[in-house]
Amino acid sequence: MWQGVIPAVSTKFNEDGSLDMGEMERCFGLQMEAGCDGLIACGSLGEGPMLTHDERIAVLRLAKQVTGAKPALLTVAEAGTREACALAEKAAKAGADGLMVVPSTIYHSNHRETIATLRAIAAAGDLPVMLYSNRLAYRVDVTTDMLEELADDARFVAVKESSDDIRRSTEIINRLGQRYDLFTGVDNLAFEALAVGAVGWVAGLVLAFPKETVAIYRLMKEGRQAEALSIYRWFRPLLDLDVSSYLVQNIKLAEALAIGSTERVRAPRLPLEGEQRTRAERIIRAAMETRPKLPSFG
């Protein structure tokens, strides 16, 4: 159902902290112009937990306006199941093409609780769902056993595999075949995941370097692994910025330098400073100065 490069977009703010709809429209448009295959709004990179439900729905509606026929998904990552179900219902009414669902980020639910929560959210929204499995960031692991248990509900269509264990991708395919559209959600494991059968990439650094990200994906799909690997090796220092507690600030700095966007974040986050900023900026500028020539596609 879903495949390709689907950016997890960042949320843009005005100086007064309100949503900067004009800048988001511009940045979302750059993603689509580069050949991305949809957008995911208000995830971790989109500072979703710092936004009200109304703000998240506003970002979703803008994303859908920009994607047109391609999918626009809203992230559901609430502390409580009741709140998650309410947001899923709002997303459906607002025209979302699907949801990316994270188990509770506050309470670390057990297997039975996680399954019950995911089923409840899917039923509330009645939309296609991408399950987000990220045991490192959120402590709750959506395991292969869970995916098998949830497979009886056709609304669960995809999984964003972010366990940080590349073996999990092969395990999912071996156990469940093509039941789920398998996406990688870890930027600096993307080549490896695509090489073993992932059909999509929920990407972060794509926000600053969309053409390079899309080129890697397309090359891998065409079997041109050596060409993809060459670009990926250039990209790796940048991709490492996604695997950090400061991924939002890192990637917004990359957006500021590479596409002239803003670094504004919502508190308690603050823009990078000091050695952290110096290091990230050094990596970004070095990559910009050595950008590879991208291949053509048939």
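This chain uses plain numbering: 1 for the first residue, then up along the sequence.
- A 4.5 Å side-chain heavy-atom check between Val129 and Ile121 finds every atom pair outside the cut-off.
- Between the CG atom of Asp37 and the CD atom of Gln31 there is a distance of 11.5 Å, given to the nearest 0.5 Å.
- Residue Met50 is not grouped with residue Ile251 when hydrophobic side chains (ILVMFWY) are merged at heavy-atom distances under 4.5 angstrom, including chains of intermediate members.
- The backbone N or O of Ala79 lies less than 3.5 Å from no partner atom in the side chain of Thr105, so there is not a single donor-acceptor pair.
- Counting heavy atoms from C-beta on, the side chains of Ile40 and Pro7 never come closer than 4.5 Å.
- When the side-chain hydrogen bond (donor to acceptor under 3.5 Å, both in side chains) test is applied to Arg179, no partner is found at least two apart in sequence or on another chain.
- Grouping the Ile, Leu, Val, Met, Phe, Trp and Tyr side chains by contacts below 4.5 angstrom, directly or via other members, places Val186 apart from Val206.
- The CD atom of Glu227 sits 11.0 Å away from atom CG of Leu229, with the distance rounded to the nearest 0.5 Å.
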>> Run the side chain to side chain contact (heavy atoms under 4.5 Å, CB included) test on Phe156 and Leu118 for me, step by step, so that the C-alpha distance in whole Å, both residues' side-chain angles and the decisive distance to 0.1 Å come before the verdict.
In response: CA-CA 9 Å; Phe156 296 113; Leu118 294 173; 4.2 Å; yes
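- In this structure, CD1 on Ile283 lies 11.0 Å from CZ on Arg236, to the nearest 0.5 angstrom.
- A single hydrophobic cluster is seen to contain both Leu150 and Ile173, as judged by linkage of ILVMFWY side chains at heavy-atom distances under 4.5 Å, directly or through other members.
- Other residues, nucleotides and ligands place no more than 12 heavy atoms under 6.0 Å from the CD atom of Glu15.
- Atom CZ of Arg291 has more than 12 neighbouring heavy atoms from other residues, nucleotides or ligands inside a 6.0 Å radius.
- The backbone N or O of Trp2 lies less than 3.5 Å from a partner atom in the side chain of Asp181, making a donor-acceptor pair.
- Under the side-chain hydrogen bond (donor to acceptor under 3.5 Å, both in side chains) criterion, Arg279 pairs with no residue at all, not counting sequence neighbours.
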>> Does Gln225 form a side-chain hydrogen bond (donor to acceptor under 3.5 Å, both in side chains) with Tyr232? I'd like the steps, not just the answer.
In response: CA-CA 10 Å; Gln225 288 199 359; Tyr232 186 69; over 6 Å; no
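- Annotation: side chain of Gln249 is not in contact with side chain of Gln276 (no heavy-atom distance under 4.5 Å).
- Proximity of Ser169 to Leu182: side-chain heavy atoms (C-beta onward) are separated by under 4.5 Å at one or more points.
- By the 6.0 Å contact criterion, CD on Gln3 is open, its count of non-hydrogen atoms from other residues, nucleotides or ligands being 12 or less.
- Comment: Arg266 engages Glu55 in a salt bridge, judged by a side-chain N to carboxylate O separation of less than 4.0 angstrom.
- The number of heavy-atom neighbours closer than 6.0 Å to NZ of Lys221, taken from other residues, nucleotides and ligands shown, is above 12.
- Annotation: side chain of Asn14 is not in contact with side chain of Leu19 (no heavy-atom distance under 4.5 Å).
- Leu176 and Leu131 fall within the same hydrophobic cluster, defined by Ile, Leu, Val, Met, Phe, Trp and Tyr side-chain heavy atoms under 4.5 Å apart, directly or through other members.
- Because its NZ or CZ atom is both nearer than 6.0 Å to the ring centre of Tyr132 and within 45° of the ring axis, Lys160 counts as a cation-pi partner of that residue.
- Residues Asp141 and Arg168 are paired through a salt bridge, judged by an N-O separation under 4.0 Å between the basic side chain and the carboxylate.
- Of all non-hydrogen atoms in Glu263 and Ala256, the two that sit nearest each other are CG-CB, 3.8 Å.
- For the residue pair Asp165/Ser163, the side-chain donor-acceptor check at 3.5 Å is not satisfied.
- Side chains of Phe28 and Leu207 form no contact here, defined as non-hydrogen atoms less than 4.5 Å apart.
- The hydrophobic cluster containing Val243 does not contain Tyr246, counting ILVMFWY residues as joined when their side-chain heavy atoms lie under 4.5 angstrom apart, directly or transitively.
- Side chains of Arg224 and Phe297 form a contact here, defined as non-hydrogen atoms less than 4.5 Å apart.
- Glu113 and His108 form no side-chain donor-acceptor contact under 3.5 Å, judged by distance and modelled atom types alone.
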>> Does Asp187 form a side-chain hydrogen bond (donor to acceptor under 3.5 Å, both in side chains) with Trp201? I'd like the steps, not just the answer.
In response: CA-CA 8 Å; Asp187 267 4; Trp201 179 0; 2.9 Å; yes
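- Between Val76 and Val102, the closest side-chain pair of non-hydrogen atoms is not below 4.5 Å.
- When only modelled atom types and interatomic distance are considered, Ser109 and Ser104 share no side-chain donor-acceptor pair under 3.5 Å.
- To the nearest 0.5 Å, atom CZ of residue Phe209 and atom CE of residue Met288 are 6.0 Å apart.
- The line from CD of Glu23 to CD of Glu255 is 8.0 Å long, rounded to the nearest 0.5 Å.
- To the nearest 0.5 Å, atom CZ of residue Arg218 and atom NZ of residue Lys211 are 11.0 Å apart.
- With respect to Glu47, the salt bridge (charged side-chain N to carboxylate O under 4.0 Å, His left out) criterion is satisfied by exactly one of Lys12, Arg56, Lys252: Lys252.
- Checked for salt-bridge contact, Arg175 and Asp145 meet the test: a charged N lies under 4.0 Å from a carboxylate O.
- Arg277 and Glu273 are not joined by a salt bridge, as no carboxylate oxygen comes within less than 4.0 angstrom of a charged side-chain nitrogen.
- A donor-acceptor pair is defined here as one N or O able to donate and one able to accept, closer than 3.5 Å; such a pair exists between the side chain of Tyr217 and the backbone of Gly4.
- Donor-acceptor pairing under 3.5 Å is lacking for the side chains of Glu83 and His53.
- For Arg119, the salt bridge (charged side-chain N to carboxylate O under 4.0 Å, His left out) test picks out Asp152, with sequence neighbours left out.
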